[in-house]
2 protein chains.
Amino acid sequence: MTVRIDDMDRKILSQLQEDASQSLDEIARKVGSSKTPVWNRIRKMKEAGLIGRQTVLLDPEALGLEACFFVLIRTSEHEADWQNRFLNALRARPEVLEAHRLAGDIDYILKVRVPNARAYDAFYQALISEVKIHNVTALLSMEEIKSTTLLPL
Amino acid sequence: MTVRIDDMDRKILSQLQEDASQSLDEIARKVGSSKTPVWNRIRKMKEAGLIGRQTVLLDPEALGLEACFFVLIRTSEHEADWQNRFLNALRARPEVLEAHRLAGDIDYILKVRVPNARAYDAFYQALISEVKIHNVTALLSMEEIKSTTLLPL
DNA sequence: GTTGAAAATACACATTT
DNA sequence: AAATGTGTATTTTCAAC
């Protein structure tokens, strides 16, 4: 399942990240190759799962999602059952954009996008009513300095 | 600059988020409309900046970016000059995928993707040598429970 | 908002180097 | 393996209604 990526693959991925609406011809030209090999490489990388969803990035503010919170969670529960319920709760909630299990003192971090502080509170209340959580700290974003899906290749 | 979004727009955005490679016909069929109006709505939303970059999501692990850190930063400096240098430093570094200025106790949070802990340390050393930072806490992600670019519509 | 259609483009593959 | 060329199908884009 491990794919060997060479320099040409990286160039192609870079172009796709930059603008996935480009035609094969355009990408081929920019990476200094031609359609067929580029197309084959893309197909292989898709099959390998290296290239995932093709999507558009929307402006959250324009959609009325004006509040962004990072939520730091400590819990005293570490049993499998509790964890499963917690993970399912997170996955089921569309306002949770990211969720990571952490090493160390803090157990989980979430990134949550909601219309406003009230909506965050509703989310928070719903979450703690579903699963027992020891300690929660919410960090409110005042300004999104940077936000990119472009991975460094 | 504010765009009024109706229900049909939301359905279209939802489809585009889900799979931006779909043809107009396909989207139109799914949202219960036809090509032309869908096309016009998409064009308007692109012009309004509501729809941004079209991209592909890559698998960071497969690319060797196996470490993800959330970095909590406190600073004693709050002057405009310091802030500018700090922001520029963050924007210039491709391993910084997200950066937010926060309300409250902690001043900034970063999300950083790197190949390994050593690479994180290199990033950290470079950052603190560029700008003075009072206090830094790095949270290491053990597991990405959820990660989505799909905004709740 | 609908239909229709011209023009452009993409894919997938055959042929060649 | 990669480049080139091409048939076919699809898609976009726009005009007319």
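Residue numbering restarts at 1 for every chain, and letters A, B, ... go by the order of the sequence lines. Heavy-atom basis, side chains included; hydrogens, waters and symmetry copies ignored. Everything numeric here is computed off the predicted structure, so don't read it as measured data.
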* Quick one: do B/K11 and B/D6 satisfy salt bridge (Lys or Arg N to Asp or Glu O under 4.0 Å)? Show the steps, please. => CA-CA 9 Å; B/K11 283 189 196 166; B/D6 67 10; over 6 Å; no
[X] [atom1] - [N] [atom2] separation (whole Å):
X: B/D25; N: D/dA9; atom1: CG; atom2: C1'; answer: 13 Å
X: A/I27; N: D/dA2; atom1: CD1; atom2: P; answer: 16 Å
X: B/N40; N: D/dA16; atom1: CG; atom2: P; answer: 16 Å
X: A/R29; N: D/dT4; atom1: CZ; atom2: P; answer: 14 Å
X: B/E26; N: D/dT12; atom1: CD; atom2: P; answer: 10 Å

* To do: Sequence neighbours left out, what pairs pass salt bridge (Lys or Arg N to Asp or Glu O under 4.0 Å) with at least one residue falling in residues 50-66 of chain B?
  => A/E18-B/R53
* Asked: Counting only side-chain N and O atoms of A/R41, is one of them less than 4.0 Å from OP1 or OP2 of D/dA1?
  -> no
* **Between CD1 on residue B/I42 and NZ on residue B/K46, distance to nearest 0.5 Å** => 6.5 Å
* **No-hydrogen, no-angle side-chain donor-acceptor test under 3.5 Å, B/D19 and B/S21** => yes
* Asked: Do the side-chain N and O atoms of B/R85 and B/N88 include a donor-acceptor pair separated by under 3.5 angstrom?
  -> no
* Asked: Tell me the ring pair (Phe, Tyr, Trp, His ring centres under 6.0 Å) pairs involving residues 57-76 of chain A, sequence neighbours left out?
  -> A/F69-A/Y120, A/F70-B/H100
* Asked: What residues, two or more places apart in sequence or in another chain, satisfy side chain to side chain donor-acceptor pair (under 3.5 Å) together with A/N84?
  -> none
Residues 127-136 of chain B side chain polar contacts: donor-acceptor under 3.5 Å, at least two apart:
| unit_1 | atom_1 | unit_2 | atom_2 | d |
| --- | --- | --- | --- | --- |
| B/S129 | OG | B/A126 | O | 2.9 |
| B/E130 | OE2 | B/R93 | NH2 | 3.4 |
| B/N135 | OD1 | B/R74 | NH1 | 3.3 |

* Footprint string (nucleotides 12-17 of chain C, 5' to 3'): B base within contact, S backbone only, - free, heavy atoms under 4.0 Å -> BB----
* Base, sugar-phosphate alone, or nothing: which one does B/P37 contact when heavy atoms must sit under 4.0 Å apart? -> base
* Tell me, which of residues 12-22 of chain A have any heavy atom that sits under 4.0 Å from an atom in DNA chain C? -> none
